Amino acid sequence: MDSSRRPDSPAPAGPSRRRGAVLEHAILEAVLAQLGTVGWSALTMEGVAAEAHTGKAAIYRRWPSKEELVADALRVALPMFHGAPDLGGVRDDLLGLCLRMREVMYSRSGMALRSIIHECDATAADRFHSVIDEGVVEPGARLIKEVISRGVERGEVRPEALDDYVCDVIPALMMYRSKMCASEWTEGEVTRMIDRVMVPLLRPTDAWRQRS
């Protein structure tokens with residue numbers, strides 16, 4: 001008998017058995033933690049199980065593959081884009097929106113997504129296209145289009161600038177410079193992108209003003 005414990009004191013409680021949504025949440029949180037420490041290439045089901053304090057069988061019952069597990073973790077964790085800022089001018093609206101996009105890029109789930117994009121080969125990356133499109137690209141492009149559309153209504157933006165290619169400029173540039181140039185996208189860099197690229201791209205030309 002352990003003499004350090006009084007005979008009438010309660011026995012130490014064992015680990016609680018988690019089930020259902022509680023266990024799934026712990027597993028998905030463990031995926032993000034592992035992506036943040038070891039990255040995509042070194043992530044294993046064993047490592048996730050150890051991080052979540054559960055067994056591999058509990059993971060495989062829900063997710064047959066590493067790709068499906070990681071995709072679900074990202075879908076659940078990626079921050080939601082809410083309505084576009086409306087600060088009274090297209091320049092300030094785009095700046096506010098881009099700063100929100102930067103917050104998503106540098107959130108825990110955003111960092112996990114970037115590690116996948118940077119490390120995956122082409123075949124594996126294809127499996128995450130829907131997650132990236134639905135969680136990041138499409139919401140961002142939709143809100144950029146909303147901001148530009150308001151700018152057209154206010155006469156700040158020429159109508160032909162309300163174009164899918166124009167709306168792709170910001171996410172494409174942010175992704176490219178983050179991946180290829182290791183840009184951290186400070187607030188100053190975001191501001192320069194808006195002032196040097198987007199404002200001149202959207203500004204009404206003299207010819208448009210004369211037509212209108």
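These numbers were taken from a predicted model, which means no experiment stands behind them.
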Taking the side chain from [X] and the backbone from [Y], do they hold a donor-acceptor pair closer than 3.5 Å?
X	Y	value
R203	V157	no
K66	L43	yes
Q34	V31	no
T191	E187	yes

Lys/Arg N to Asp/Glu carboxylate O, R150 vs E146, below 4.0 Å: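 Salt bridge between R150 and E146, a charged N being under 4.0 Å from a carboxylate O: yes.
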
Nearest 0.5 Å, what's the [atom1]-[atom2] distance between [X] and [Y]?
X	Y	atom1	atom2	answer
E184	R102	CD	CZ	7.5 Å
T54	E24	OG1	CD	11.0 Å
S109	L28	OG	CG	12.0 Å
S149	L143	OG	CG	12.5 Å

Same apolar cluster: L201 and Y176, side chain cutoff 4.5 Å: no

Cluster overlap L87 with I194, hydrophobic side-chain contacts below 4.5 Å: no

Is there a side-chain contact between [X] and [Y] in this structure, where contact means two heavy atoms from C-beta onward sitting under 4.5 Å apart?
X	Y	result
E189	R192	yes
I144	V169	no
P85	R100	yes
L202	E156	no
M193	W185	yes
D93	L97	no
I170	M101	yes
C167	I148	yes

Atom CD of E68: over 12 foreign heavy atoms under 6.0 Å: yes

Heavy-atom neighbours of M175 CE exceed 12 at 6.0 Å: no

If you take all heavy atoms of [X] and [Y], which pair is closest and at what distance?
X	Y	value
V166	M198	O-CE, 4.1 Å
A112	L74	CB-CD2, 4.1 Å
R154	V90	NH2-N, 3.3 Å
I27	A58	CD1-O, 4.5 Å
A49	G55	CB-C, 4.0 Å

Stepwise side-chain contact (heavy atoms from CB on, under 4.5 Å) check, L69 with R62: CA-CA 8 Å; L69 172 60; R62 294 164 171 81; over 6 Å; no

Candidate pair L78 and V131, rule side-chain contact (heavy atoms from CB on, under 4.5 Å), full reasoning: CA-CA 9 Å; L78 279 172; V131 178; 4.3 Å; yes

